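In what follows, a single structure is set out as structure tokens and then discussed.
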Amino acid sequence: MTARVALLGEAGIANVGNDASVAQVIRLLEERDVDVRVTLVGREPAAARAALGRPALAARARWAYRGPLHASVPAQGLRACLDLAHLVRLVRRFDAVVVPGTGALEVGRGGPPGGQILSILLTGVACRLTRTPFVWLAVGGSRYSRRVTRAAVRAAAATATIRSYRDPVTLEAVRACGTDTSRDVLMDDIVTARSDVLGGAADGGAEGGAGVVVLSLVDVPSATGESGATAAERRRYQHEMSRVLGALLDRGTPVRVVVSDAADVPVARRVVDAVAQDGGRPRVQVRVPRDFDELSGDVADARAVVGSRFHVLVAAALRRVPFVTVEHADKVRVLSDDAGVGSYRVDAHAFGADELLESLDALLGKREALARDLDAWAVDAHRRTRSGYDEVLARLREKGVVV
């Protein structure tokens with residue numbers, strides 16, 4: 001019997017981490033000797049189909065109204081009802097609906113419960129109405145300060161048949177919303193289940209005596225939980241990162257700027273342009289990898305990585321390349337602590353260039369020992385994620401979904 005599985009996620013939005021997570025779930029579903037037909041469901045079905053080569057469907061109903069009341073509460077309520085009716089028709093076509101990793105339960109610091117959380121809630125309700133198993137697989141979240149956000153997460157959790165998380169912070173956040181998590185499954189990020197994780201340490205320093213340093217920039221979020229950073233916050237971040245890049249080049253350190261999300265490209269180019277305007281410095285190329293394999297290749301020969309994006313740091317850790325974390329979210333703090341590099345971390349909203357460079361120098365002084373620690377972490381993370389996935393799979397089979 002062919003198991004029809006829908007993967008609900010944000011694939012195809014030019015975010016390497018999202019695509020890597022969805023692709024890894026597809027590999028896990030198809031690696032066993034079973035017959036599975038995977039369909040992607042999300043907000044950009046055409047882009048998801050192009051990125052991952054699988055059939056894709058829209059998660060939302062068509063909405064043509066763009067009048068003056070487009071953003072009003074009644075209009076948004078009507079659209080949610082239309083989306084729910086659309087999802088009921090959609091999910092009844094599948095044997096299971098899976099949320100495949102990613103930060104599906106994340107919001108900004110204290111942000112509203114819209115976006116993916118609302119999409120997960122509506123999909124979960126549709127699955128309940130059609131008795132379709134709804135699975136959270138290694139999802140990531142954040143702490144929720146607003147009551148309305150906690151209520152939305154609690155309601156979404158109640159619709160899930162099986163829940164699993166990529167870190168303890170997410171599990172605790174869902175529990176704090178009033179959900180019984182005693183039977184929920186804890187694992188690491190789903191990308192750590194890749195079969196090439198067990199390949200061993202990278203050689204590092206292949207591009208010259210000092211070795212290349214990868215600098216990964218981010219469209220820094222607001223420190224206050226607003227929908228976006230203020231102009232002052234962006235200027236400050238870009239100024240300090242420009243100082244860091246300039247100082248590394250002045251030392252003669254080869255630098256590679258790598259970004260894994262389309263939203264980060266303008267930031268990276270502004271920083272590179274600002275440094276290049278100071279005469280005598282080489283212009284640094286901005287690399288935008290197409291997928292996780294390219295991202296992994298971009299960090300593999302580095303002596304160190306400096307960055308914020310979660311899956312850039314995951315790629316570094318899986319290649320045993322120590323990293324300095326420019327922290328903007330719980331997930332990167334947890335990752336750096338688990339991977340043994342938590343001592344080399346600065347606050348994305350408060351750091352100075354000198355502080356970051358001091359952390360980088362300290363990390364480089366212990367690079368070999370940290371690489372060995374990362375090797376142990378990668379093996380353990382792979383084992384934990386595979387074990388968690390096997391538990392989720394066993395529960396699905398108990399419910400008659402053969403995957």
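Computed from a predicted structure; not experimentally measured.
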Output all residues satisfying side chain to side chain donor-acceptor pair (under 3.5 Å) with Arg150, sequence neighbours left out; order by chain, then residue number.
none
Partners meeting side chain to side chain donor-acceptor pair (under 3.5 Å) with Arg283 (sequence neighbours left out):
Asp273
Who are the side chain to side chain contact (heavy atoms under 4.5 Å, CB included) partners of Asp291, not counting sequence neighbours?
Asp293, Glu294
Around atom CZ of Arg383, are there more than 12 heavy atoms from other residues, nucleotides or ligands closer than 6.0 Å?
yes
Ser296 and Arg319 side chains, donor-acceptor separation under 3.5 Å:
yes
Tell me, please, which residues at least two apart from Asp19 pass salt bridge (Lys or Arg N to Asp or Glu O under 4.0 Å).
none
Output all residues satisfying salt bridge (Lys or Arg N to Asp or Glu O under 4.0 Å) with Arg281, sequence neighbours left out; order by chain, then residue number.
Asp250, Asp278
Ser336: what forms a side chain to side chain donor-acceptor pair (under 3.5 Å) with it, not counting sequence neighbours?
Arg345
Applying salt bridge (Lys or Arg N to Asp or Glu O under 4.0 Å) to Arg395 and not counting sequence neighbours gives Glu391
Please identify each residue that fulfils side chain to side chain donor-acceptor pair (under 3.5 Å) with Asp390, with sequence neighbours left out.
Arg32
Tell me whether Thr161 contacts the main-chain N or O of Val135 through its side chain, where contact means a donor paired with an acceptor under 3.5 Å.
no
Under 3.5 Å, is there a donor-acceptor pair between the Ser142 and Asp330 side chains?
no
His382 and Asp188 side chains, donor-acceptor separation under 3.5 Å
no
Sequence neighbours left out, cut at 3.5 Å: what donor-acceptor pairs do the side chains of residues 91-101 make with other protein atoms?
from  : atom 1 : to   : atom 2 : distance (Å)
Asp95 : OD1    : Arg4 : NH2    : 3.1
Asp95 : OD2    : Arg4 : N      : 2.7
Asp95 : OD2    : Arg4 : NE     : 3.3

Flag, side chain of Arg256 to backbone of Arg287, donor-acceptor distance under 3.5 Å
no
Side-chain donor/acceptor pairs under 3.5 Å, residues 38-45, sequence neighbours excluded:
from  : atom 1 : to    : atom 2 : distance (Å)
Arg43 : NE     : Glu10 : OE2    : 2.4
Arg43 : NH2    : Glu10 : OE2    : 3.2

Could you work out, with salt bridge (Lys or Arg N to Asp or Glu O under 4.0 Å) as the rule, every residue matching Arg269, not counting sequence neighbours?
none
Between Thr192 and Thr385, does any side-chain donor sit less than 3.5 Å from a side-chain acceptor?
yes
For Thr179 and Thr181, does a side-chain donor sit closer than 3.5 Å to a side-chain acceptor?
no
Counting only heavy atoms not in Arg290, do more than 12 sit closer than 6.0 Å to its CZ atom?
no
Not counting sequence neighbours, which residues clear side chain to side chain contact (heavy atoms under 4.5 Å, CB included) with Asp338? List them please.
Val334, Trp377
